[in-house]
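This report concerns only the one structure given below.
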Amino acid sequence: MRAQDVIQAAIRGRWAVAAIFLANGFLTGSWAPQIPVFLTRLEITKFTLGLLILLFGAGAVTAMTWCGHLISKHGSRTVLRWFGLCGSLGLLVVALAPNVPLAAIAMFIFGGSIGGMDVAMNANAVVVERRLSRAIMSSSHGFWSLGGFAGGALGGFAIQNYGHLTHAVVVTALAFTVIAVAVRHLIGEDRPQAAEHHKFALPANPLVYLVGLMALLTMISEGAVLDWAALYLRQELGADLAIAGLAYAAFSGVMAIMRFFGDGVRNRLGAVMTLRASALVAATGMLIAGLSPSPWLAIAAFALCGFGIANMVPIIFSAGGNQEGMSSGTGMSVVTTMGYSGILVAPSAIGFVAEHFSIGPIFVAMSGLLIVVLLMAGLAHRAEFAPDATPAE
């Protein structure tokens, strides 16, 4: 009977962490349609917007660095409670910022809360996997993308009809409610232990850095769609706010569907073949988006891109965690750090380029980066026989 209780608690914990993945994706997706308003409300240039997005990434990386230490001391359940409840307030803090200096602080806080929440929820998902003795990570990614789809799809409409602040308040209330209910059912490690201190040394195997490069190139493209697709449709293709918000919504919605079915596709085709096909599809979608003469074609192209990118990062991360001659944690840490620098930090550089050039050619360049991943796909052969257990992007 006690064993049955343990299983039931793990099942509740599985859906609780899925709900937090959903809320994290919803907050992230809701930020995308806020960006054009953020730009005009503060009367800033694209260059300044790029700097503010860089602060978001800096906050996220800072929190991610500390989050592992906190989890080792307090356990993923406790840390996820802290970051989850605080993270639900991040978008509202940004929406309330009245000037650039306060917006800079708000973006750092928002990025930190989302980044810390990301690490903690993935760590807790691993705890659930161990308790249930089955993988849940791929579907957890799907819930994250589903939340991003909802945030992007509803955000543009809500901002256009009710204003950016009302939108931020509603998003905050929904996210806080979901997280507050979910954290009551999270499960934790049996006995969190402080991390042991070892002398720091970079892996000597160069292949892990090449796998990390694939993660970097893939996640740069994902970050570009998150931070710049809505502005691209709004300023260069003449879409209104409601339609502009559909760019990321289409991208993340299709990505969500593919992630729910990703394990089956990968098992059928193999990791390398799936990565090659996915990279080709993603590159084609990004190219069409960058050359599109109309917002609706661009939205469809971003959806195609999401179809391809959906399963690229899980495969690449799995390959990184299964490199020969090193522990899975060491390989995973290199690849995830390089990858997250793409989705959190590199898109800010797009702002610097967009200040002098249009955004369309940038998406064309992203297509070229994805072709490079296609050519490097053979390096993912270490993922062929490994279970998928990856962090969310």
Side-chain angles (χ1 to χ4, degrees), residues 25-50 52-53 91 94-95 145-168 170-171 221-256 282-309 347-348 350-351 353-367:
F26 183 62
L27 287 164
T28 305
S30 296
W31 159 239
Q34 284 268 351
I35 292 174
V37 178
F38 188 69
L39 184 77
T40 56
R41 181 171 65 85
L42 297 180
E43 298 180 342
I44 57 178
T45 63
K46 294 174 184 176
F47 179 84
T48 303
L49 176 61
L52 292 172
I53 293 173
L91 183 65
V94 173
S145 296
L146 189 62
F149 167 75
L154 300 176
F157 175 82
I159 293 170
Q160 181 167 284
N161 289 278
Y162 304 105
H164 81 282
L165 191 56
T166 299
H167 167 254
V170 172
V171 168
S221 301
E222 185 174 344
V225 178
L226 168 63
D227 287 323
W228 295 99
L231 195 64
Y232 170 54
L233 264 67
R234 176 75 171 148
Q235 291 194 348
E236 298 187 14
L237 298 183
D240 61 29
L241 277 174
I243 294 176
L246 294 177
Y248 183 69
F251 176 84
S252 58
V254 173
M255 181 182 286
T284 301
M286 197 72 84
L287 179 64
I288 295 172
L291 298 176
S292 174
S294 73
W296 288 109
L297 178 59
I299 290 169
F302 283 127
L304 183 64
C305 188
F307 184 96
I309 286 181
S348 63
I350 295 175
V353 178
E355 187 65 23
H356 304 287
F357 304 95
S358 60
I359 301 176
I362 294 174
F363 286 119
V364 174
M366 295 297 108
S367 175

Inset, instruction - Report the distance from atom CE of Met286 to atom CD of Glu222, rounding to the nearest 0.5 Å. - result: 9.5 Å
Legend entry - Pairwise distance CG(Leu237) to CG(Leu231) - rounded to 0.5 angstrom: 11.0 Å
Legend entry - Smallest separation among heavy atoms of Tyr248 and Gly29, with atom names: CE2-CA, 3.6 Å
Inset, instruction - Please check if the side chain of Glu236 supplies one atom and the backbone of Ile359 the other of a donor-acceptor pair under 3.5 Å. - result: yes
Legend entry - Gap separating the CG atom of Leu246 from the CZ atom of Phe149, nearest 0.5 angstrom: 8.5 Å
Legend entry - Distance, nearest 0.5 Å, that separates CD of Gln160 from CG of Asp240: 4.5 Å
Legend entry - Heavy-atom closest pair, residues Gly152 and Ala249: C-CB, 3.6 Å
Legend entry - Derivation and outcome, side-chain contact (heavy atoms from CB on, under 4.5 Å), residues Val170 and Tyr162: CA-CA 11 Å; Val170 172; Tyr162 304 105; over 6 Å; no
Legend entry - Whether His164 side chain and Phe38 backbone form a donor-acceptor pair below 3.5 Å: no
Legend entry - Distance-minimising heavy-atom pair for Ser30 and Gly151: OG-CA, 3.5 Å
Legend entry - Close side-chain approach of Ile243 to Ile299, heavy-atom, < 4.5 Å: yes
Inset, instruction - Look up atom OG1 in Thr45 and atom CG in Leu39, then write down how far apart they are to the nearest 0.5 Å. - result: 8.0 Å
Return all side-chain donor-acceptor pairs below 3.5 angstrom for residues 288-298, not counting sequence neighbours, or 'none' if the list is empty.
from: Ser292; atom 1: OG; to: Ser294; atom 2: N; distance (Å): 3.2
from: Ser292; atom 1: OG; to: Ser294; atom 2: O; distance (Å): 2.6
from: Ser292; atom 1: OG; to: Ala298; atom 2: N; distance (Å): 3.2
from: Ser294; atom 1: OG; to: Leu297; atom 2: N; distance (Å): 3.3

Legend entry - Under 3.5 Å: donor-acceptor pair, side chain of Thr48, backbone of Ile44: no
Legend entry - Least distance between heavy atoms, Pro33 atom then Gly156 atom: CB-N, 3.6 Å
Legend entry - Non-hydrogen atoms of Ala247 and Ala229 that approach each other most closely: CB-CB, 3.8 Å
Inset, instruction - Give the C-alpha distance, both sets of side-chain angles, the deciding distance and a yes or no for side-chain contact (heavy atoms from CB on, under 4.5 Å) between Leu233 and Phe302. - result: CA-CA 11 Å; Leu233 264 67; Phe302 283 127; 3.9 Å; yes
Legend entry - side chain to side chain donor-acceptor pair (under 3.5 Å) against Ser367, all qualifying residues, sequence neighbours excluded: none
Inset, instruction - Specify the closest pair of heavy atoms between His167 and Ala158, including all atoms of both residues, with the distance to one decimal. - result: CD2-CB, 3.8 Å
Legend entry - Contact check, side chains of Leu91 and Gln34, non-hydrogen atoms, under 4.5 Å: yes
Inset, instruction - Describe, in one word, how the ring planes of Tyr232 and Phe363 are oriented to each other, choosing from parallel (under 30°), tilted (30 to 60°) and perpendicular (over 60°). - result: tilted
Inset, instruction - To the nearest 0.5 Å, tell me how far Leu304 CG sits from Phe251 CZ. - result: 11.0 Å
